Protein chains: 2
Amino acid sequence: MDTNEQIERALREVGLRVTRPRVAVLAAVAAHPHADAGTVLAVVREGLPEVSHQAVYDSLHTLADAGVVRCIQPTGATARYETRVGDNHHHVVCRKCGDIADVDCAVGEAACLTASHDHGFTIDEAEVTYWGLCPRCSAARSEP
Amino acid sequence: MDTNEQIERALREVGLRVTRPRVAVLAAVAAHPHADAGTVLAVVREGLPEVSHQAVYDSLHTLADAGVVRCIQPTGATARYETRVGDNHHHVVCRKCGDIADVDCAVGEAACLTASHDHGFTIDEAEVTYWGLCPRCSAARSEP
DNA sequence: CTCTTCTTTTGACTGATTCAAGAAAAGGAG
DNA sequence: CTCCTTTTCTTGAATCAGTCAAAAGAAGAG
Ligand SMILES: [Mn+2]
Ligand SMILES: [Mn+2]
Ligand SMILES: [Zn+2]
Ligand SMILES: [Zn+2]
């Protein structure tokens, strides 16, 4: 559970001004990993009812640019945000309900962290998305 | 280069009716790998000027559902389509210009094809997106 | 405290995609 | 070949996430 002070410190550490919307957005993303912008907006408004949706979008972009949050976007879904950054972890997405869970990088550095070349591209990151069914949807499918 | 007959056969093989829009859409995707819906629409209209955008969207969905085309959507980009299906290949995306190239699955079956479990999820596919710079953007960045 | 710069609000706007109704076409049966 | 049913296409409007732009407001350096 991040305190407001920890959040403010995190913002200053990356050279960002501390504003109410940014603090609230970062707290919301920390509390709701893999939430989309709409969810973040709703959560932020619980404590800051007058915040504009634009401020939330701006904050998310700014935080993502600063590396404080990470943005992922599985095919068919809107952008999701999380504060778990810098560890090259991956995600598993439920094909049925869209639920997302973290997957630690099992493949290891060889595949996921080492820069390499292909088709002349200079590669700096490997992003892995696993697709399947979450426990709930998996159970629902087995029943008659 | 796919002939119209090959395309029609492919449609019938998966139990789909053969229609002008579908044939044209499948040909367009085959000729322009990783094209988005707008590009497909433009290409289709070269030979079928009256086709509606909705018919193109419907065809893309139907073809994707039938497994004849594959849809990918890297973060920040609109959906892209390709006819190279069933070989679990991956993609490298240029961070600057958005260009996409194929990457054969180098990691091997262990990571990419074998179903596994995580957090109780039943995983059936691993999708890998590599991020970096294409040769052109890479060269542009090195210059003064 | 003051000033500059950055951030937020407001409200309109875009672009990709989807919805819904009726018209048209595919393809199987006769 | 013709008829019939079902699927697909056209048309036009609508939705949704996300963006743009101008003016008002707040952060924080000095
Ligand atoms: Mn995560
Ligand atoms: Mn490909
Ligand atoms: Zn699920
Ligand atoms: Zn490029």
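A quick note: this is a predicted structure, and the numbers were derived from the prediction, not measured. Residue numbers begin at 1 in each chain, while the letters A, B, ... track the order of the sequences.
As a whole-Å value, the separation of Glu50(B) CD from dG12(D) P is 13 Å. Atom CG of Leu60(B) and atom P of dC9(D) are 11 Å apart (whole Å).
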Subject >> Under 4.0 Å protein heavy-atom contact, by nucleotide of nucleotides 13-24 of chain C - B base, S sugar-phosphate only >> reply: ---SBBBB----
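In this structure, Ser59(B) does not reach the dT8(D) phosphate: none of its side-chain N or O atoms is under 4.0 Å from OP1 or OP2. Here Thr62(B) does not reach the OP1 or OP2 of dT8(D): none of its side-chain N or O atoms lies under 4.0 Å away. A sub-4.0 Å separation between OP1 or OP2 of dT8(D) and a side-chain N or O of Arg22(B) is present.
Residue-environment remark: CZ (Arg45(A)) exceeds the threshold of 12 foreign heavy atoms within 6.0 Å.
A side-chain donor-acceptor contact under 3.5 Å links Glu82(A) and His91(A). Looking at Asp36(B) and Thr39(B), their side chains do bring a donor and an acceptor atom within 3.5 Å of each other.
Atoms OH and CG, on Tyr57(B) and Leu41(B) in that order, are 8.0 Å from each other to the nearest 0.5 Å.
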Original post:
Stepwise, does the salt bridge (Lys or Arg N to Asp or Glu O under 4.0 Å) test hold for Arg95(B) with Glu125(A)?
Top reply: CA-CA 11 Å; Arg95(B) 288 187 191 281; Glu125(A) 183 190 347; 2.9 Å; yes
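Nearest approach of Cys94(A) to Phe121(B), heavy atoms of both residues: N-CE2, 3.7 Å.
DNA chain C is contacted by both Pro21(A) and Thr19(B); Pro21(A) maps to the nucleotide lying nearer its 5′ end (nearest heavy atom per residue).
Of the residues in residues 7-17 of chain B, Arg12(B), Arg17(B) come within less than 4.0 Å of DNA chain C through at least one heavy atom, sorted by number.
Look at Glu8(A) and Arg12(A) and you find a salt bridge, because one of the NZ, NE, NH1 or NH2 atoms lies within 4.0 Å of a carboxylate O, short of that distance. A salt bridge links Asp104(B) with Arg84(B); the closest basic N to acidic carboxylate O contact falls under 4.0 Å.
Note that the two end axes of the helix from dC1(C)-dG30(D) to dG30(C)-dC1(D) enclose an angle of 40°, each drawn from 5 base pairs, rounded to 10 degrees.
Nucleic acid contact for Ser52(B): base, since at least one base atom lies under 4.0 Å from a heavy atom of the residue.
Annotation: His34(A) is not in aromatic contact with His32(A) [ring centroid separation under 6.0 Å not met].
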